[in-house]
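Everything below concerns the one structure shown next.
Positions are given from 1, in the same order as the sequence printed here.
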Amino acid sequence: MTRRAIPYASSVDKANDVMRGNWLQAIEKHHQQYAGEIRDILDIGCSVGVSTKCLADKFPSAKVTGLDLSPYFLAVAQLKEKKGGPRKNPISWVHAIGEDSGLPSKSFDVVSLSYVLHECPERTIIALLKEAFRLLRPGGTIALNDIAPKSKILQELSPVLFTLMKSTEPFLDEYCLTDLEGRMREAGFVNVTSVLTDPRHRTVTGTVPH
């Protein structure tokens, strides 16, 4: 996926650097503009912890929590993190449903969902946005990193290839038709901003009002 998204990258690692780096910069820029210090970060739908590790590396002074519905993914995430050596702020791992986490309200400065929403029907996207709003402190940032439906690459994709994509992504049509920025505003977020972070993906950020 990374090489297709960043065709000019010289390797998979370089492509990953571009994809993840631009997403992290978008989070940092948005939060610095509308808030301040990042102390606590929640990564919803963390899977095996790739995005969680990126967040912890980018913001080493923050306490980062990875949350996922799969205990198996979380076990892999913990094992991979253990192999990486100790951190000043060890990553915490939580087994829970993203749209009903059970975590305390107003306990995070950043809530991130990376490559999660295109896997969800619109009703679940709405529920995840509401839960993120509940979990964020006033001034907190939500960051949604995912497929950019209006990107030139996707717009010019042949019907055959798009159908092939949908064969493994049953909710892709629903995701592409969802007005994500509008749904974020309905959930209460302000300062909603969407940036293309690579030729195929966007990061959409928003703020919980003070």
- Query: Listed by chain and number, what are the salt bridge (Lys or Arg N to Asp or Glu O under 4.0 Å) partners of Asp40, not counting sequence neighbours?
  - Reply: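 Asp40 satisfies salt bridge (Lys or Arg N to Asp or Glu O under 4.0 Å) with Arg137 only.
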- Query: Residues in salt bridge (Lys or Arg N to Asp or Glu O under 4.0 Å) with Lys58, at least two apart?
  - Reply: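 Lys58 satisfies salt bridge (Lys or Arg N to Asp or Glu O under 4.0 Å) with Glu28 once adjacent residues are dropped.
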- Which is it for Tyr175 and Cys120 under the side-chain contact (heavy atoms from CB on, under 4.5 Å) test, yes or no, and what are the steps along the way? CA-CA 7 Å; Tyr175 165 77; Cys120 304; over 6 Å; no
- Just by distance, with hydrogens left out, do Thr197 and Asn22 show a side-chain donor and acceptor under 3.5 Å apart?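 No, Asn22 and Thr197 have no side-chain donor paired with an acceptor closer than 3.5 Å.
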About how many Å separate [atom2] of [Y] and [atom1] of [X], when rounded to the nearest 0.5 Å?
X	Y	atom1	atom2	result
Phe171	His118	CZ	NE2	11.5 Å
Leu113	Ile44	CG	CD1	4.5 Å
Thr193	Lys29	OG1	NZ	8.5 Å
Ile126	Glu131	CD1	CD	14.5 Å
Ser101	Leu69	OG	CG	12.5 Å

- Any ring pair (Phe, Tyr, Trp, His ring centres under 6.0 Å) pairs touching residues 33-58, not counting sequence neighbours?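 Those involving residues 33-58 are His30-Tyr34.
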- Message: Among residues at least two apart in sequence or on other chains, which ones pass side chain to side chain contact (heavy atoms under 4.5 Å, CB included) with Ala148?
- Response: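 Only Ser151, Leu196, Arg202 meet the side chain to side chain contact (heavy atoms under 4.5 Å, CB included) criterion with Ala148.
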- Quick one: side chain to side chain contact (heavy atoms under 4.5 Å, CB included) partners of Cys176, sequence neighbours excluded?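 Expected list: Pro149, Leu172.
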Do [X] and [Y] have side chains that get closer than 4.5 Å, going by heavy atoms?
X	Y	value
Leu129	Leu144	yes
Phe133	Ile142	no
Val50	Tyr115	no

With sequence neighbours excluded, residues passing side-chain hydrogen bond (donor to acceptor under 3.5 Å, both in side chains) with [X]:
X	value
Asn89	none
Lys152	Glu156
Ser112	none

Exercise: identify the closest heavy-atom pair between [X] and [Y]:
X	Y	result
Ile27	Phe59	CG2-CZ, 4.2 Å
Cys46	Thr52	CB-OG1, 3.1 Å
Ser51	Asp43	OG-OD2, 2.6 Å
Leu42	Leu135	CD2-CD1, 3.5 Å
Leu67	Ala96	CD2-O, 3.5 Å
Gly98	Leu128	C-CD2, 3.5 Å

Main-chain N/O of [Y] paired with [X] side-chain donor or acceptor, under 3.5 Å:
X	Y	answer
Thr178	Glu174	yes
Thr207	Pro209	no
Asp109	Arg39	yes
His201	Asn145	no

- Task: Can you establish whether the number of heavy atoms outside Phe73 located under 6.0 Å from its atom CZ is more than 12?
- Result: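 Incorrect, the count does not exceed 12.
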- Does any pair with a residue in residues 88-106 pass salt bridge (Lys or Arg N to Asp or Glu O under 4.0 Å), and if so which ones, sequence neighbours excluded?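 Matches after skipping sequence neighbours: none remain.
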- Message: Considering only residues two or more places apart or on different chains, which pairs with a residue in residues 46-56 satisfy salt bridge (Lys or Arg N to Asp or Glu O under 4.0 Å)?
- Response: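 Every salt bridge (Lys or Arg N to Asp or Glu O under 4.0 Å) pair that includes a residue of residues 46-56, provided the two are not neighbours, is Lys53-Asp57.
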Would you list the atom pairs, donor with acceptor, under 3.5 Å between side chains in residues 179-189 and any protein atom, with sequence neighbours excluded?
residue, atom, partner, partner atom, Å
Asp179, OD1, Gly182, N, 3.0
Arg183, NE, Glu122, OE2, 2.9
Arg183, NH1, Glu186, OE1, 2.8
Arg183, NH2, Glu122, OE2, 3.1

- Task: Walk me through it: do Leu136 and Thr141 pass the test side-chain contact (heavy atoms from CB on, under 4.5 Å)?
- Result: CA-CA 7 Å; Leu136 284 163; Thr141 296; 5.7 Å; no
- Message: Checking Val192 against Val204 for the side-chain contact (heavy atoms from CB on, under 4.5 Å) test, could you report, in this order, the C-alpha distance in whole Å, the side-chain angles of both residues, the deciding distance, and whether it holds?
- Response: CA-CA 7 Å; Val192 176; Val204 189; 4.1 Å; yes
- Task: Any side-chain hydrogen bond (donor to acceptor under 3.5 Å, both in side chains) involving residues 64-85? Give me the pairs, sequence neighbours left out, ordered by first then second residue.
- Result: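 Sorted result for residues 64-85: Glu81-Arg87.
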- Can Val111 be reached from Ile97 by stepping across I, L, V, M, F, W or Y side chains whose heavy atoms are under 4.5 Å apart?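 Cluster IDs for Ile97 and Val111 differ.
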